[in-house]
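Remarks on the structure that follows.
Only a predicted model underlies this, so the values are computations on that prediction, with no experimental measurement involved. Numbering of ligands and ligand atoms starts at 1, following listing order.
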Amino acid sequence: MEINGSTRIAVVIGHPIRHSLSPVMHNAAFKYLGLNNCYVAIDISPGGIEHFIRGLRYTNIIGVNVTIPHKAAVIPYLDELSEEAKILEAVNTIKITEEKVIGYNTDVYGFEKCLEDIDVPSCSALLIGAGGAGKAVAYTLSKLNVKSLYITNRTEERAKQLIQFINNVFNRKIEFIPFNQLETLKPVDIIVNATPLGMEGIKEELEIPSSIIREGTTAIDLVYNPPVTNFLKTASSLGAKTLNGIKMLVYQGITSFKIWTDLEPPVDIMEEALKGCL
Ligand SMILES: NC(=O)c1ccc[n+]([C@@H]2O[C@H](COP(=O)([O-])OP(=O)(O)OC[C@H]3O[C@@H](n4cnc5c(N)ncnc54)[C@H](OP(=O)(O)O)[C@@H]3O)[C@@H](O)[C@H]2O)c1
């Protein structure tokens with residue numbers, strides 16, 4: 001890719017940001033499509049968010065991805081929010097037009113793609129984790145009308161806040177299961193790990209009782225590095241279908257790419273680029 005005076009940039013902002021795989025994925029797409037664009041990661045500490053977002057309209061930056069810890073902090077400085085960004089109070093994609101700077105949440109679509117082969121309304125689901133990703137997962141499962149939803153989390157209070165949030169949005173019943181009492185559950189159809197347990201660099205693994213998995217359960221780990229976690233290995237040995245976090249990562253990125261460029265992103269190229277650096 002030749003960088004010259006006409007090259008336009010897209011960026012991901014976070015703090016820290018060096019771990020981000022988004023530059024690899026988006027630069028592969030720009031290159032494949034022959035676009036004179038380049039995607040870079042910018043580390044912005046929290047004190048700089050207002051200046052950065054307010055300044056965007058005066059630049060020719062084509063788009064911004066937002067990651068931890070800025071997904072909520074950018075919101076007050078945007079002109080408009082998509083429906084899902086507004087409900088989840090989390091923005092991971094920003095589009096800059098001449099008139100407006102608009103925030104979107106593409107994590108929901110990314111997770112929705114993970115469920116595309118599943119008849120969600122006939123399923124029971126267990127969500128492990130109640131942080132930012134857990135919120136997007138609980139929202140998506142509820143939006144797709146999952147039959148029953150159980151949420152567990154290390155910190156009970158946070159799980160209960162998430163349950164309250166889902167109740168407010170969808171007016172539905174969700175059961176809290178204490179983190180150390182998962183064996184009280186019957187086997188579920190879908191299990192989602194939305195914690196960093198099992199991730200490269202984290203010593204602890206996600207331990208789940210074998211009694212909650214049966215032949216045909218779908219086990220989804222949002223962790224993508226390593227591609228096969230101990231949780232997925234165990235689930236697979238018990239007859240579960242498994243999916244790691246790569247699909248969600250690719251499809252949230254693909255949706256961002258479409259929002260910025262109005263072009264059809266090269267899905268396979270982006271996925272291969274990601275897998276190549278894991
Ligand atoms: N594949 C994708 O596209 C994608 C997208 C988003 C996130 N993710 C992954 O999803 C995971 C969660 O991300 P996030 O943004 O939701 O993070 P977050 O907002 O910081 O939430 C972390 C969650 O994990 C729990 N947790 C953390 N350490 C734990 C431990 N040692 N034992 C038990 N629970 C623990 C937290 O529980 P407490 O409430 O008790 O602290 C909380 O529920 C990360 O691994 C992230 O990389 C993947």
Test item: protein heavy atom less than 4.0 Å from atom 20 (O) of ligand 1
no
Relative to the heavy atoms of E204, which atoms of ligand 1 are at a distance of less than 4.0 Å?
31 (N)
Atom 4 (C) of ligand 1 [closest protein heavy-atom partner, distance rounded to 0.1 Å]:
L222 O, 4.1 Å
Close-contact set for ligand 1 against A130 heavy atoms, below 4.0 Å
43 (O)
Identify the protein heavy atom lying closest to atom 42 (C) of ligand 1, giving its residue, its atom name and the separation to 0.1 Å.
R158 NH1, 3.5 Å
Could you walk me through whether S6 and N36 pass side-chain hydrogen bond (donor to acceptor under 3.5 Å, both in side chains), step by step?
CA-CA 7 Å; S6 307; N36 189 3; 4.7 Å; no
So if I count the atoms of ligand 1 from 1 in the order they appear, which ones are less than 4.0 Å from some heavy atom of I68?
15 (O)
Is it the case that atom CG in N60 sees more than 12 heavy atoms from other parts of the structure closer than 6.0 Å?
yes
Quick one: which ligand 1 atoms are inside 4.0 Å of a heavy atom on N153?
36 (C), 37 (O), 38 (P), 39 (O), 40 (O), 42 (C), 43 (O)
For the residue pair V64 and V74, establish whether any side-chain heavy-atom pair is separated by less than 4.5 Å.
no
Could you tell me whether E116 and K247 have a side-chain N and a carboxylate O separated by less than 4.0 Å?
yes
Return yes or no for this condition: an N or O of L197 is under 3.5 Å from an N or O of ligand 1.
no
Those atoms of ligand 1 less than 4.0 Å from some heavy atom in F179
33 (C)
State whether any protein heavy atom lies less than 4.0 Å from atom 35 (C) of ligand 1.
yes
I246, portion touching ligand 1 at heavy-atom distance under 4.0 Å:
neither
Are V101 and I94 side-chain neighbours, meaning at least one heavy-atom pair lies under 4.5 Å?
yes
Hey, does F111 sit under 4.0 Å from ligand 1 if you only count heavy atoms?
no
Counting heavy atoms only, which of G134, A133, P196 comes nearest to atom 7 (C) of ligand 1?
A133
Among the clusters formed by ILVMFWY side chains lying less than 4.5 Å apart, do I102 and L81 turn up in the same one?
no
Answer with side chain, backbone, both or neither: which part of M199 has a heavy atom less than 4.0 angstrom from an atom of ligand 1?
side chain
Less than 4.0 Å between a side-chain N and a carboxylate O, is that true for K147 and D189?
no
Starting from atom 38 (P) of ligand 1, what is the nearest protein heavy atom, named by residue and atom, and what distance separates them?
T155 OG1, 3.4 Å
Yes or no: does G110 have any heavy atom under 4.0 Å from an atom of ligand 1?
no
Decide whether a cation-pi geometry holds between K160 and F176; the criteria are a distance under 6.0 Å from NZ or CZ to the six-membered ring centre and an angle within 45° of the ring axis.
yes
Given side chains that start at C-beta, do those of F231 and I208 come closer than 4.5 Å, heavy atoms only?
yes
Using heavy atoms and a threshold below 4.0 Å, how should the contact between A194 and ligand 1 be classified: side chain, backbone, both, or neither?
backbone
Check whether more than 12 heavy atoms from other residues, nucleotides or ligands sit under 6.0 Å from atom CD of E83, and answer yes or no.
no
Nearest protein heavy-atom contact for atom 5 (C) of ligand 1: which residue, which atom, what distance?
M248 CE, 3.9 Å
Is it true that D79 and R57 make a salt bridge, defined as a side-chain N closer than 4.0 Å to a carboxylate O?
yes
Specify the protein heavy atom at minimum distance from atom 30 (C) of ligand 1: its residue, its atom name, and the distance to 0.1 Å.
R154 NH1, 3.2 Å
Please could you name the atoms of ligand 1 that G129 approaches to less than 4.0 Å, counting only its heavy atoms?
43 (O)
Closest heavy-atom pair, I151 versus A159, reported as atoms and distance to 0.1 Å, is CG2-CB, 4.2 Å
